[in-house]
**Q** 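Shown below is the structure under consideration.
Throughout, numbering of the chain's residues begins at 1 and tracks the sequence. Atoms within each ligand, like the ligands themselves, are counted from 1 in listed order. What you see is a predicted model, and the numbers here were worked out from it, not measured in a lab.
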Amino acid sequence: MSESYNASSITVLEGLEAVRKRPGMYIGGTGKSGLHHLVREIVDNAVDEAINGYASLIRVVLHKDGRTVSVEDNGRGIPVDIHPKLKKPALEVIFTTLHAGGKFEPGSYKTSGGLHGVGSSVVNFLSEKLVATVRRDGKEYQQTFDRGQPTGKLKVTGPGRGTGSTIQFTPDPEIFGDQVFDADWIQEHLDICGYLNKGLRIVFKDEVTGNRKEFQHEGGVLDFLNFVVTEQGVTRTSEGAFLLERPGDQGADDLRIELAMVWTDAPRERFRSFVNGIPTNDGGTHEQGLKDGVVKALRNFIDSHDKNVPRGVKITADDIREGLFAICSVFLTEPQFQGQTKDKLNNPEVKGQIDGLVRPAIEQWLNDNPSVADAVLMRVVMAAKARQASRAAVEEVTRKSATNRRLNLPGKLADCSNTDPAESELFIVEGDSAGGSAKQGRDRRSQAILPLRGKVLNAEQADLKKVLANAELSDIVKALGCGIGKDLDPRRLRYHKIILLMDADSDGHHIATLLLAFFYRHLRALIEHGYVYIAQPPLYRIDHGTKTAWAAGDKERDKILKGLPPRAQPRISRFKGLGEMMPKTLYETTLDPRRRRLLRVSIPEGVKLETEQVMGDLLGKDSSSRFREITAWMDLVEEVDA
Ligand code: TSJ
């Protein structure tokens, strides 16, 4: 940080028009995520000032109109000196020039990078109004912008106490429509900022509701880890967690890293990683280095201490990492991001650096804490044993379904007569009464029905052996005939359409969510092949004259009503559940390939790991909106002529 600020190093590029014409190129889109990107960009600038040691307090206000946000820090204040070439104050240049970002302060960390580092000018260009206020040199300066253009010069507006910057902006409705900010989204981002910048005080005031919140985490990533462990409701293997914190000021190879880690009883690992405060949902070289380091450290520890692992138990890397929860935050001066959503770290040197730091530190931790080491080792051995037991359970289910496929089908399955998978469909139906209607109403040639009676297990919180002990899930696997987990072979699948048919109420959504989690976790290839669908049974029946129409939701109902002749007197009835529908009606509206509408389930490309995270988050907590959230994550493509 020896080179001082130099306003002339900002690359001058005319960008206002470019940004307003194609906002998506700069902020990813103009929907909810794009809108909130603006807050993030401005907050990140204040956080940068804090990371580099000049600010300790950030104040964020969501104003009464719900669409104006202010961000204030107590840093040095955005420079106002005159740019030698452009003859304008640096502040004006910063807000009116589309610069490359990260250029003007060599040797310092930037939160922003890749897609994320669009710069404050982009926020300005996409704001109906922006007011920048700076306190420095005992004065207060202010400049106002309309849709990116200054409405006047930078002015001294009074004496200034202390130093700092305040940016207030209102996104342009020409770009973002009538959207307002979501206070929860803002708070979540601020909370994460608080965890990753230990001690930084962030105050949020929501003037829409009058709520005020503070995000300050003296324990940093360790507090974050505790939060995730509690949120997921898992039990730690050991009381103490592993913590590695390095300031990264010992030369070029010395990374700044904050890492907290603990083993739990969860059936899988859970990592949250960040580079310069940006979430790397798709992992990358830093996560790889961490994983390698952990595995090597445990292997070394086992070998060098003659720790006895029971005979016949072979330990894999997955066994070592099972149940491992970690929060990992690293800071790099030149991060390179990869992938469609730019959330995977690509710097190759980082892997070895992190591995090299983590491995000896974990070995040391295990040596220093023998009771922790024993508990962790027991956990690892248990994982290996459970994996071997799961294999046996899988073989049991698949062997049965493979030897004589017809004989070993579940008793409650009403199979179809066609044996060509490409022409066969399996409806998985919630409840016996709906199952009964479906069995009567179906096309017996091509449509099989499997009613679910008992509880569906949450696959997110159990290992494969437990999952297969659940009668409903085990019946699904037997009916599909294609095996599960590592033994999954889609070529043996008995139906090329697997259709989840549930009531359109919260119970139905709950079961659909559990089934999607099960498919996602253990039969993912079936989703990837496009074999999994969600049926859309109607919610309303509309009779007018001799005609009948069905609507899947309120919007469609209103559309149908609007389209009726002016003097029609429609009768509207609402279905309470699939069970009360006549078999014929069920066929006509929901089963008949020519009239039904199916949603194909798919995992959005490039966000597989993010989906993993979303799945875990949604299924780990108890929220009524899970189905909507999960289905919003998966790409649901409507297919009329299925
Ligand atoms: F994004 C932004 F520009 F709108 C913005 C910047 C928003 C907010 C809320 C804060 C900031 C900001 C910028 N806070 N602090 C700073 N600091 C500087 O720009 C700065 C100050 C002094 C020097 C120097 O070398 O003296 C250098 C810089 C980059």
**Q** Run the side-chain contact (heavy atoms from CB on, under 4.5 Å) check on H189 and V39 step by step: do they pass?
**A** CA-CA 9 Å; H189 178 66; V39 179; 5.7 Å; no

**Q** I'd like to know if G77 contacts ligand 1, where contact means a heavy-atom distance under 4.0 Å to any ligand atom.
**A**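 Yes, that is the case, since the closest heavy atom of the residue is under 4.0 Å from the ligand.
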
**Q** In the structure I gave you, are the side-chain heavy atoms of Y195 and I327 within less than 4.5 Å of one another anywhere?
**A**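 They are not in side-chain contact.
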
**Q** Nearest to atom 22 (C) of ligand 1 by heavy atom, E41, R76, E49, R59: which?
**A**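 Comparing heavy atoms across E41, R76, E49, R59, the nearest one to atom 22 (C) of ligand 1 lies in R76.
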
**Q** Going by the atom numbers of ligand 1, which of them fall below 4.0 Å from some non-hydrogen atom of F95?
**A**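 What qualifies from ligand 1 is 2 (C), 3 (F), 4 (F).
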
**Q** Looking just at side-chain N and O atoms, do E140 and T157 make a donor-acceptor pair shorter than 3.5 Å?
**A**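 E140 vs T157: donor-acceptor pair found between side chains.
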
**Q** Give the ring-plane orientation class for F227 versus F224, where under 30° counts as parallel, over 60° as perpendicular and anything between as tilted.
**A**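 Ring orientation of F227 relative to F224: tilted.
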
**Q** For G75 and ligand 1, answer yes if some heavy atom of the residue is under 4.0 Å from a ligand atom, otherwise no.
**A**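 It does not, in that no heavy atom of G75 comes within the 4.0 Å cut-off of ligand 1.
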
**Q** Considering only heavy atoms, which of I78, V71, I58 lies nearest to atom 13 (C) of ligand 1?
**A**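 Selected option, by shortest heavy-atom distance: I78.
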
**Q** So, applying ring-ring contact (aromatic ring centres under 6.0 Å, His included) with F145, which one of F169, F95, F125 is it?
**A**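 Testing F145 for a ring-ring contact (aromatic ring centres under 6.0 Å, His included) against F169, F95, F125 leaves exactly one candidate, F95.
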
**Q** I want to confirm something. Looking only at heavy atoms, which of V80, D81, D73 is nearest to atom 11 (C) of ligand 1?
**A**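 It is D73 whose heavy atom sits nearest to atom 11 (C) of ligand 1.
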
**Q** Mind checking whether I167 contacts ligand 1 via backbone (N, CA, C, O), side chain (CB onward), both or neither, at a 4.0 Å heavy-atom cut-off?
**A**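 Contact part for I167 vs ligand 1: side chain (C-beta onward).
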
**Q** What I want to check is whether the side chains of Q187 and D191 have a donor and an acceptor closer together than 3.5 Å.
**A**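 Judged by distance alone, the side chains do not pair up.
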
**Q** At under 4.0 Å between heavy atoms, which part of Y54 makes contact with ligand 1: side chain, backbone, both or neither?
**A**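 The answer is neither.
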
